[in-house]
There are 2 protein chains.
Amino acid sequence: MQLKSPLSRANLSDIAANAIRDLIVDGDLAAGERLNEVRLSERLGVSRTPLREALNRLVAEGALIARPKLGYSVKPLCREEFDQIYDLRPILDPAALKAAGFPSTEQLKRLRKINAKLASARNPAAAIDLDDEWHAALTEHCPNKALLDMIETVTRRTRRYEIALMREAPTIGLATTHHQDVLDALEQGRLDDACAALKENLEYGKAPIMAWLEARQTEARKTA
Amino acid sequence: MQLKSPLSRANLSDIAANAIRDLIVDGDLAAGERLNEVRLSERLGVSRTPLREALNRLVAEGALIARPKLGYSVKPLCREEFDQIYDLRPILDPAALKAAGFPSTEQLKRLRKINAKLASARNPAAAIDLDDEWHAALTEHCPNKALLDMIETVTRRTRRYEIALMREAPTIGLATTHHQDVLDALEQGRLDDACAALKENLEYGKAPIMAWLEARQTEARKTA
DNA sequence: TTTTTCTATATTGTATACAGTATGCAGCTA
DNA sequence: TAGCTGCATACTGTATACAATATAGAAAAA
């Protein structure tokens with residue numbers, strides 16, 4: 001029998017990785033900032049050993065960059081990177097939906113409920129979470145867990161950009177009608193149409209962030 | 001200016017990671033085997049610190065499993081895992097080809113040359129390498145480098161299975177005709193057909209390994 | 001003044017020591 | 001004999017000390 005929950009087994013490197021991830025998302029560690037291992041370990045209250053394990057994990061996640069002998073730095077927000085990573089979602093998500101097949105009645109009901117909440121959301125941060133929740137719920141029964149993992153990885157990497165935009169220019173995109181289209185198609189037994197609508201939804205979501213990143217880049221060029 | 005080549009900067013954890021990867025592929029570390037950090041560090045001639053960094057990297061790559069307090073073990077060959085990971089390639093590769101567009105004349109020539117070598121290969125290990133080389137060359141001009149990275153990751157994970165099959169039952173699949181179909185379609189300006197043929201090729205390549213894994217599993221059940 | 005070189009310092013890479021947890025075995029109980 | 005309990009051992013998780021490298025600043029040369 002397993003009495004202790006897996007959570008209670010968390011070791012310091014897990015805790016450190018989560019903490020640093022939050023620091024990056026919250027902007028406490030700025031994009032491009034170089035990290036000092038000693039100072040960061042003191043700040044987090046762990047020694048350098050578990051800290052470095054955490055840093056390596058975040059490098060694998062694509063949140064940090066490691067340069068030999070020069071240490072770790074927060075990966076800067078980069079138009080090309082976002083462009084490429086985000087393009088993976090219109091490839092992966094429809095494939096996952098196709099493999100998942102039609103949702104159950106309860107699942108559909110839940111999806112409509114999430115979408116309704118999203119439609120009435122006034123808080124941009126909540127809107128991002130709800131959108132993620134909707135997409136996760138849509139494909140949750142996909143039998144290919146490796147594909148779902150991949151989508152989650154991509155989502156995590158793009159979320160940083162979404163949150164960064166939200167901070168500088170809080171706007172709520174209206175993805176709810178696209179979501180509606182997907183759910184309608186599913187309800188009417190048109191799986192391929194649903195996949196196509198999902199693809200459209202995801203391509204649509206890219207535009208505002210790309211526009212912001214481009215404006216940001218132009219501005220940076222002017223300053224320099 | 002950068003005088004030292006990046007290679008000379010390799011640190012011990014890189015070296016250890018590569019060495020362990022080879023040990024796994026070569027079967028020196030058996031699937032499922034639990035690793036002893038002290039013994040492995042002595043064997044590789046590095047201390048536990050860089051060894052553990054290497055082990056963590058291999059966990060991220062999907063070659064090892066880490067269990068808190070129980071250490072690291074070689075991920076066992078698993079039918080479900082292969083099934084799911086391999087299914088990603090017919091999703092990812094055609095998307096990369098579509099984004100890459102038509103190859104140049106020289107590129108086509110090179111692709112035909114690799115395929116000819118593959119057709120006359122008698123060594124299964126060489127055939128695996130040539131097949132990988134062909135697929136990499138096909139999509140190399142895809143502008144989405146994140147997508148290519150993802151394909152490379154998937155390829156690395158499935159290679160272990162290909163090599164394992166090759167060891168136990170050395171056979172050479174005849175993917176060359178499929179490759180031919182892809183190249184013909186490209187030469188004739190039919191990009192969508194080429195993507196479809198590529199998808200078929202990749203789906204075809206899955207079958208022999210799946211059959212072997214299933215036979216293996218059935219056998220294991222009989223023994224138990 | 002500007003550039004270059006040298007040196008002191010700061011920082012990362014690695015080894016090792018110690019602490020806490022799992023594991024297997026001996027002995028005990030039923 | 002079967003199953004449990006407690007202990008000794010082995011192993012992983014973490015901290016820390018040391019070595020090697022990068023970096024910034026002062027002094028010297030142009």
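- Residue contacts shown for Leu35(B) are limited to sugar-phosphate atoms, with no base heavy atom under 4.0 Å away.
- dG13(C) atom P lies 13 Å from atom CD1 of Ile15(B), rounded to whole Å.
- Closest contact between the side chain of Leu12(B) and the listed nucleotides dT12(D), dA15(C), dT23(D) involves dA15(C).
- Which of dT23(D), dT16(D), dG13(D) sits closest to the side chain of Asn11(A) comes down to dG13(D).
- Screening Glu61(B), Glu81(B), Glu33(B) against Lys75(B) for a salt bridge (Lys or Arg N to Asp or Glu O under 4.0 Å) leaves a single residue, Glu81(B).
- Taking both residues in full, the closest heavy atoms of Ala60(B) and Ala60(A) are given as CB-CB, 4.1 Å, listed atom of the first, atom of the second, then distance.
- Rounding to whole angstrom units, CZ of residue Arg52(A) and P of dT16(D) are separated by 16 Å.
- Judged by distance alone, the side chain of Arg34(B) and the main-chain N or O of Leu70(B) form a donor-acceptor pair under 3.5 Å.
- For a distance-only test at 3.5 Å, the side chain of Ser13(B) fails to qualify as a donor-acceptor partner of the base of dT14(C).
- No donor-acceptor contact under 3.5 angstrom links the side chains of Arg112(A) and Asn115(A), judged on distance only.
- Between the CG atom of Leu55(A) and the P atom of dT14(C) there is a distance of 15 Å, rounded to whole Å.
- Computed from coordinates, the Glu53(B) CD to dG13(D) P distance equals 14 Å when rounded to whole Å.
- Annotation: of the two residues near DNA chain D, Arg39(B) and Ser47(A), the 5′-most nearest-nucleotide partner is Arg39(B).
- Side chain of Lys69(A), nearest nucleotide from dA15(C), dG13(C), dT14(D): dG13(C).
- Spacing between atom CD of Glu37(A) and atom P of dA15(D) amounts to 14 Å, rounded to whole angstrom units.
- An OP1 or OP2 oxygen of dT23(D) is reached within less than 4.0 angstrom by a side-chain nitrogen or oxygen of Arg34(A).
- Rounded to an integer number of Å, the gap from CG of Asn36(A) to C1' of dT12(C) is 10 Å.
- In this structure, Arg167(B) and Asp26(B) have side chains that are in contact, with non-hydrogen atoms separated by less than 4.5 Å.
- The 5' end of DNA chain C is approached more closely, in terms of each residue's nearest nucleotide, by Arg48(A) than by the other of Arg48(B) and Arg48(A).
- If you take CG of Asn56(B) and C1' of dG13(C), they are 16 Å apart, rounded to a whole angstrom.
- If you check dA15(D), dT12(D), dT14(C) against the side chain of Pro50(A), the one that comes closest is dA15(D).
- Counting to the nearest Å, the P atom of dT11(C) and the CD atom of Glu42(A) are 10 Å from each other.
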